[in-house]
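In this chain, residues are counted from 1 in sequence order. The shown structure was predicted, so the numbers you read here are calculated from the model rather than taken from an experiment.
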Amino acid sequence: MRRRNLLTLAAAGTVAGCAKPGAGTAENLAPDAPDPAGSSSPAGPAFPEGFGWGAATSAYQIEGAANEDGRGPSVWDVFCHEPGRIRNGDTGDVAADHYHRYVSDLDLMQDLGLTSYRFSVSWSRVLPTGRGAVNAKGMDFYQRLVDGLHERGIAPVVTLFHWDTPQALQELGGWENRDCAKWFADYAHTMFTALGDRVPTWLTLNEPKTVVDVGYTAGTHAPGKRDRNLANVVGHHLLLGHGLAVQALRGTTGKSRIGAALSLSPAYPADDSAAAAHQTAIADGEENRRWLDPVLRGHYPQDWLDTQPADAPVRAAIKDGDLAVIGTQSDVLGVNYYGTTHVTSTGGRIMVHPTSQATWQEIDPNGLYDLLTRIKRDYGDIPLSITENGMATTNPLRDEDRIAFLRDHLAAAHRSIQAGVKLESYHLWSLMDNFEWAEGYTQRWGIVNVDFASQRRTHKSSADWYKTVIARNAV
Ligand code: IFM
């Protein structure tokens, strides 16, 4: 089942980088790269000098140590422990035990040659009830992690919210409560103060769309609600939290950059009919513009608003001045890209391209080129970072399918740079196998295999391949 295949229902109303700035420009593309890694295959055209080669993870998916050192529970801790929520009853209690193994994980990143690492902070590890006194031990973990990255020459890209709302705040309504945007900005300010310029790039929200579509509409992610009206209110409050967090950073003397990480999917008509074209425009509004427009232009797209009935609660949730806050200028946009969307004349979705172990994924590298060049065309030259891109595969170690995926997507990213897109960095998802939400440990997204019984890490073929790519700065 497609995790994100909810737009038709929603539209019908039937569902209650941190790379150095200036890196990715066509002007500074280097000539064809030499092959320092000694790979037998010739290197393709080189990426710009200083291009950020990264990998991404998130707190709940890898850290474990759920009940240690004063960490408070998040909605995901509660959700996972409810019977029937997660495949095989898996939880993130231990996950990849990164909280205890972060030093060897940092060494692993250094060995790969990463120059950028995207991770998220567990809000309830730092602020156990989401507000109030800082948990010093929790904060210390992120201090040590950031220090360890700098010692290894890896730039931290830090996401503030990757879905793990503190449970104490959820009991006050979580993101359904407008106050959550303010609580989030206060937490963000705490992090800016603690880590300051040692974090060159902050990301406010990861994929608010997934929270709306999966956490609040399908109900298969925490907090497990099925209410499209409520979901859209949550979406607005998430965006408000983003804007307030950007403003909180502007209120510091720091020089870090900030933006959101949005999951985006180019929508194409499944046939040549006018009806399919019309439905595709609606789908594009839901998948892309309802997130891009507020963040980068300070307004919701009118055609998306028009899909909301006159009495839709989201209309009342949007207060005067909110869009100006949400549209506070970002420095960077994080792009999570997993695939394309094909829309039929009745607004349904069909798969035109191959999928992966994650059957919601429609693999189409050209979609990445279309997406990146479209952002430049429609939203201007904001620096872009690919903050997630990857595939799940059942191949445990010899993951040639993942190598082909990464190669083709990196080639598309390179073409976009040649077309003038200001792409600064690429973070594959994911550094290592981890807790894949409702799928538990059954889906393997890492380039490093994790044996969850022993916590042993082993390079997959894709890790060795990526190491070579990074060494020669070329695919
Ligand atoms: O694992 C997730 C990640 O947390 C957010 N983006 C998609 C990934 C794969 O489903």
Side-chain angles (χ1 to χ4, degrees), residues 17-33 42-54 56 115-116 118 157 201 257 259-269 280-281 283-284 287-289 291-293 295-297 329-342 352-353 362-391 404-429 466 469-470 472-475:
C18 68
K20 295 160 196 80
T25 58
E27 295 79 56
N28 66 357
L29 277 175
D32 283 6
F47 278 72
E49 203 186 327
F51 187 80
W53 291 106
T115 57
S116 187
R118 175 181 179 227
V157 176
T201 307
R257 302 185 309 162
L262 301 179
S263 170
L264 302 169
S265 178
Y268 305 94
T280 301
D284 179 51
E287 290 281 345
N288 305 306
R289 289 180 288 110
W291 305 109
L292 287 165
D293 282 15
V295 168
L296 298 180
R297 292 180 171 163
Q329 192 172 355
S330 296
D331 306 301
V332 61
L333 176 71
V335 175
N336 292 6
Y337 177 76
Y338 287 93
T340 46
T341 299
H342 283 85
V352 170
H353 298 289
E362 183 179 352
I363 298 175
D364 178 10
N366 287 327
L368 178 60
Y369 174 85
D370 287 352
L371 174 63
L372 296 173
T373 51
R374 183 260 179 109
I375 294 171
K376 175 182 166 65
R377 187 178 67 242
D378 292 353
Y379 298 93
D381 263 336
I382 183 163
L384 302 180
S385 169
I386 295 174
T387 37
E388 288 184 27
N389 177 236
M391 69 175 283
F405 177 102
L406 296 173
R407 185 193 59 227
D408 293 348
H409 284 78
L410 281 167
H414 188 274
R415 274 196 292 126
S416 80
I417 295 172
Q418 286 176 312
V421 171
K422 235 176 167 176
L423 181 67
E424 297 186 343
S425 54
Y426 175 87
H427 302 83
L428 56 75
W429 185 272
Y466 195 45
V469 167
I470 296 172
R472 60 191 187 188
N473 198 36
V475 176

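In this structure D408 satisfies the side-chain contact (heavy atoms from CB on, under 4.5 Å) test together with P365, sequence neighbours excluded. Partners of D370 under the side-chain contact (heavy atoms from CB on, under 4.5 Å) rule, at least two apart in sequence or in another chain, are Y268. D293 meets the side-chain hydrogen bond (donor to acceptor under 3.5 Å, both in side chains) test with Y379; sequence neighbours excluded. With sequence neighbours excluded, the residues that form a side-chain hydrogen bond (donor to acceptor under 3.5 Å, both in side chains) with R289 are D284, D303. Among residues two or more places apart in sequence or in another chain, the side-chain contact (heavy atoms from CB on, under 4.5 Å) test is passed with A413 by L368, I386, L423. Under the ring-ring contact (aromatic ring centres under 6.0 Å, His included) criterion, Y369 pairs with no residue at all, not counting sequence neighbours. Residues satisfying the side-chain hydrogen bond (donor to acceptor under 3.5 Å, both in side chains) test with D378, not counting sequence neighbours, are R374. A search for side-chain hydrogen bond (donor to acceptor under 3.5 Å, both in side chains) contacts involving W53 returns N473, not counting sequence neighbours.
Between A474 and G44, the closest heavy-atom pair is CB-O, 3.4 Å. Nearest heavy-atom pair, R415 versus N366, reported as atom, atom and distance to 0.1 Å: NH2-OD1, 2.8 Å. Considering all non-hydrogen atoms of both residues, P266 and L371 come closest at CG-CB, 3.9 Å. Nearest heavy-atom pair, H414 versus A46, reported as atom, atom and distance to 0.1 Å: NE2-O, 2.8 Å. Nearest heavy-atom pair across V295 and S330 is CG1-OG, 3.9 Å. In this structure, E424 and P383 approach most closely via the heavy-atom pair OE2-CB, 3.3 Å.
Summarising the geometry, atom CG belonging to L262 is positioned 7.5 Å from atom CG belonging to L296; distances are rounded to the nearest 0.5 Å. Note: L384 CG to K376 NZ = 9.5 Å, rounded to the nearest 0.5 Å. Rounding to the nearest 0.5 Å places OH of Y338 at 3.5 Å from CD of E388. Between S265 atom OG and Y337 atom OH the span is 6.5 Å, to the nearest 0.5 Å. The OG1 atom of T201 sits 4.5 Å away from atom CZ of R257, with the distance rounded to the nearest 0.5 Å. Note that OH of Y426 is 4.5 Å distant from CG of L406, once rounded to the nearest 0.5 Å.
At a threshold of 4.5 Å between non-hydrogen side-chain atoms, the residues V352 and T340 do not count as touching. A 4.5 Å side-chain heavy-atom check between F47 and L410 finds at least one atom pair inside the cut-off. Under the 4.5 Å side-chain criterion, counting only non-hydrogen atoms from C-beta, I363 is in contact with H409.
Pairs engaging residues 331-340 under the salt bridge (Lys or Arg N to Asp or Glu O under 4.0 Å) rule: R250-D331 [sequence neighbours left out].
Checking side-chain atoms of E362 against main-chain N and O of H353 turns up a donor-acceptor pair under 3.5 Å.
Residue H427 is tested with V157, N389, N336 for a side chain to side chain contact (heavy atoms under 4.5 Å, CB included); the sole match is V157.
Between the side chains of T373 and S416, not a single donor N or O lies within less than 3.5 Å of an accepting N or O.
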